[in-house]
Amino acid sequence: MSTERTWVGPSAPERLNILRNTESIAIVGMSNKPARASYFVATYLLSSSPYRVYFVNPVLDEVLGQKIYPSLADLPEVPDMVDAFRKDSDLPGVAQEAVDLGAKTVWMQLGSWSEEAAAIAENAGLNAVMDRCVKIEHARFHGGLHLAGFNTGVISAKRQVVA
C-alpha cells in the first residue's frame with residue numbers, strides 16, 4: 001500500500017462553494033463522547049450553521065437531543081453532504097454508501113485520508129474533501145476563525161463572506 005499522497009482536493013473557493021450549496025449534513029460515526037471530534041463538530045453545526053444535521057451510528061439512539069440513525073439509508077432525506085468520522089479503512093465503504101444514496105459531497109474529516117474513497121466519490125460525480133474539518137472551514141469562511149481553526153480574538157472591520 002502506497003503512503004504517497006497524490007490526490008489534490010478542492011481549492012478554498014471550491015470548498016466555500018460546496019458549503020454554500022449544502023443544506024443538509026449527515027455525520028457518520030457520531031459519538032456521544034464530548035471529547036470526540038464528531039461531538040464537537042455536531043455541537044458547532046447545530047448552534048452556528050444553517051444546515052439540517054443528522055447523526056449516523058448503528059450503536060447509539062440519541063445524542064444532543066437528536067435521534068441517531070443506524071445508517072445513511074435510514075435518514076429521512078438524502079443529505080447533501082456525508083461527513084465521515086470513521087477510520088481510513090472504512091472510508092471507501094462510506095463513500096460508496098454516499099454515492100448509492102445520491103449525496104452531493106463526501107467530506108472526510110481532519111486527519112482522514114483515503115484516495116480510494118475520493119476516487120469512488122469523484123468517479124460518481126460527487127465532491128470529495130479529505131483531511132479538512134467542516135466546522136473549521138465553515139467558521140473560517142464566515143469570519144469566525146483563523147486559518148488554523150481557532151478564534152484569534154481579533155476584531156476586524158474586514159467584510160465577512162456571507163453564505
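Within the 3.5 Å criterion, the main-chain N or O of S24 finds no donor-acceptor partner in the side chain of T22. With N17 contributing its side chain and P13 its backbone, the two residues share no donor-acceptor pair below 3.5 Å. Looking only at distances, a side-chain donor or acceptor of D80 sits under 3.5 Å from a matching main-chain atom of E23. In this structure a side-chain-to-backbone donor-acceptor pair under 3.5 Å is present from S38 to S31. Remark: side-chain polar atoms of D131 are paired, donor with acceptor, to backbone N or O of G111 under 3.5 angstrom. Between the side chain of N32 and the backbone N or O of V63 there is no donor-acceptor pair closer than 3.5 Å.
The cationic atom of R5 (NZ for Lys, CZ for Arg) lies less than 6.0 Å from the six-membered ring centre of W113 and within 45° of the ring axis.
Interatomic distance, K135 NZ to F40 CZ, rounded to the nearest 0.5 Å: 4.5 Å. Expressed to the nearest 0.5 Å, how far OH of Y44 lies from OH of Y51 amounts to 8.0 Å. D61 CG to Q66 CD: the interatomic distance, rounded to the nearest 0.5 Å, is 14.0 Å. Between the CD atom of E115 and the CG atom of L91 there is a distance of 12.0 Å, given to the nearest 0.5 Å. Put simply, CG on L60 and CD1 on I68 are 4.5 Å apart, with the number rounded to the nearest 0.5 Å.
The minimum heavy-atom distance between W7 and G9, with the atom names listed, is CH2-CA, 3.1 Å. In this structure, A42 and L64 approach most closely via the heavy-atom pair CB-CD1, 4.0 Å. Between G29 and R86, the shortest heavy-atom contact is CA-CD, 3.9 Å. Residues V106 and A121 come closest through the heavy atom pair CG2-CB, 4.0 Å. Annotation for A117 and M108: closest pair CB-SD, 3.7 Å, computed over non-hydrogen atoms. Minimum heavy-atom separation, H138 to S48: CE1-O, 3.4 Å.
Using a 4.5 Å cut-off on side-chain heavy atoms (C-beta onward), I25 and R52 make no contact. Side-chain atoms of L126 and T105, non-hydrogen and from C-beta on, never get closer than 4.5 Å to each other. Side-chain atoms of N57 and F55, non-hydrogen and from C-beta on, never get closer than 4.5 Å to each other. Residues S89 and K87 have side chains in contact (heavy-atom distance under 4.5 Å, counting atoms from C-beta outward). N127 has its side chain within reach of I18: a pair of non-hydrogen atoms, C-beta onward, lies under 4.5 Å apart. Looking at heavy atoms from C-beta onward, P92 lies in side-chain contact with E116 at the 4.5 angstrom threshold.
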Just do the salt bridge (charged side-chain N to carboxylate O under 4.0 Å, His left out) check on E137 and R15 with the steps written out, would you?
CA-CA 8 Å; E137 294 292 290; R15 292 190 311 274; 2.5 Å; yes
Applying side chain to side chain contact (heavy atoms under 4.5 Å, CB included) to R20 and F141, what does each step give before you reach the verdict?
CA-CA 10 Å; R20 282 184 170 164; F141 288 133; over 6 Å; no
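At a cut-off of 3.5 Å, with distance as the only test, no side-chain donor of Q109 or S112 sits close to an acceptor on the other residue. Judged by distance alone, the side chains of S71 and E97 never bring a donor and an acceptor atom under 3.5 Å apart.
Tested against V41, the residues D83, I136, L110 include a single side-chain contact (heavy atoms from CB on, under 4.5 Å) partner, D83.
A continuous path of Ile, Leu, Val, Met, Phe, Trp and Tyr side chains, each step under 4.5 Å between heavy atoms, connects M30 with V59, placing both in one hydrophobic cluster.
Chaining together hydrophobic side chains whose heavy atoms lie under 4.5 Å apart places V94 alongside V28, Y54, V56, Y69, L72, L75, V78, V82, L101.
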